[in-house]
Amino acid sequence: MDATPPLLTVASRLLGDTVRLISVCGEVDVTTGPQLDSALAQAWTPPSPCALLVDLGNTTFFGSSGLRCLLTADHEARTHGATFGVCNPSRPALRALKAAALDGVFPLYTTTSAALAHHTP
């Protein structure tokens, strides 16, 4: 019997000493949003980053719960004196971000390299 793959996987890694990259893969909806929230909240455990980047390149669905997660993460980044950005938005993620007019709230980068160039001190 084949195991059903998870709807969402989230990976976190520190790039250098200053940038935390959260990579999101799968569907972000009302059932998986709390998993993304948890990963984003854990980004602030020491060592706290100077920048938080969320890679949405492998998202297959991105609903309003995902938008709320990003808004919360952006707010937390500001609270911690850090910068925030979204990189590699998949087509579903970009569509949701633009529909909610969030593409003007925080920076969107087409590649991780572009995001790192802007957010690395």
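Worth knowing before you read on, the calculation uses all heavy atoms, side chains too, and leaves out hydrogens, waters and symmetry mates. This is a predicted model, so every value here is computed, not measured.
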What pairs with [X] under side-chain contact (heavy atoms from CB on, under 4.5 Å), at least two apart in sequence or on another chain?
| X | result |
| --- | --- |
| Ser64 | none |
| Leu94 | Pro89, Lys98, Leu108 |
| Thr112 | Leu21, Asp55, Cys87, Asn88, Leu116 |

Salt bridge (charged side-chain N to carboxylate O under 4.0 Å, His left out) contacts in which one or both residues fall within [range], not counting sequence neighbours:
| range | result |
| --- | --- |
| residues 112-121 | none |
| residues 68-78 | Asp37-Arg68, Asp74-Arg78 |
| residues 17-33 | none |
| residues 100-121 | none |

Atom [atom1] in [X], atom [atom2] in [Y]: separation rounded to 0.5 Å?
| X | Y | atom1 | atom2 | answer |
| --- | --- | --- | --- | --- |
| Leu70 | Phe84 | CG | CZ | 5.0 Å |
| Leu52 | Phe106 | CG | CZ | 11.0 Å |
| Thr72 | Leu40 | OG1 | CG | 8.5 Å |
| Leu8 | Thr60 | CG | OG1 | 8.5 Å |

All ring-ring contact (aromatic ring centres under 6.0 Å, His included) counterparts of His118, not counting sequence neighbours
Tyr109
State plainly whether one hydrophobic cluster holds both [X] and [Y], where clusters connect Ile, Leu, Val, Met, Phe, Trp and Tyr through side-chain heavy atoms under 4.5 angstrom apart.
| X | Y | answer |
| --- | --- | --- |
| Leu102 | Val24 | yes |
| Leu97 | Ile22 | yes |
| Val86 | Leu53 | no |

Check which hydrophobic residues are tied to Phe61 through side-chain heavy-atom contacts below 4.5 Å, counting indirect links as well, and list them.
none
To which residues is Leu14 joined in a hydrophobic cluster, defined by side-chain heavy-atom contacts under 4.5 Å among Ile, Leu, Val, Met, Phe, Trp and Tyr, whether direct or through other members?
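Joined to Leu14, directly or through intermediates: none.
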Contacts table for residues 43-50: side-chain donor-acceptor under 3.5 angstrom, sequence neighbours left out:
residue	atom	partner	partner atom	Å
Thr45	OG1	Gln42	O	2.9
Ser48	OG	Trp44	O	2.8

Which atom of [X] lies closest to which atom of [Y], heavy atoms considered:
| X | Y | value |
| --- | --- | --- |
| Phe62 | Leu56 | CE1-CD2, 3.8 Å |
| Ser90 | Thr59 | OG-OG1, 2.6 Å |
| Cys69 | Gly33 | SG-O, 3.5 Å |

Suppose we screen for salt bridge (Lys or Arg N to Asp or Glu O under 4.0 Å). Which residues come up paired with Arg95, at least two apart in sequence or across chains?
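Partners of Arg95 under the salt bridge (Lys or Arg N to Asp or Glu O under 4.0 Å) test: none.
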Pairwise side-chain contact, Gln35 with Pro6, heavy-atom cut-off 4.5 Å (strictly under):
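A side-chain contact is absent here, since even the closest heavy-atom pair is not under 4.5 Å.
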With heavy-atom distances below 4.5 Å as the criterion, would you say the side chains of His75 and Leu71 are in contact?
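Not in contact.
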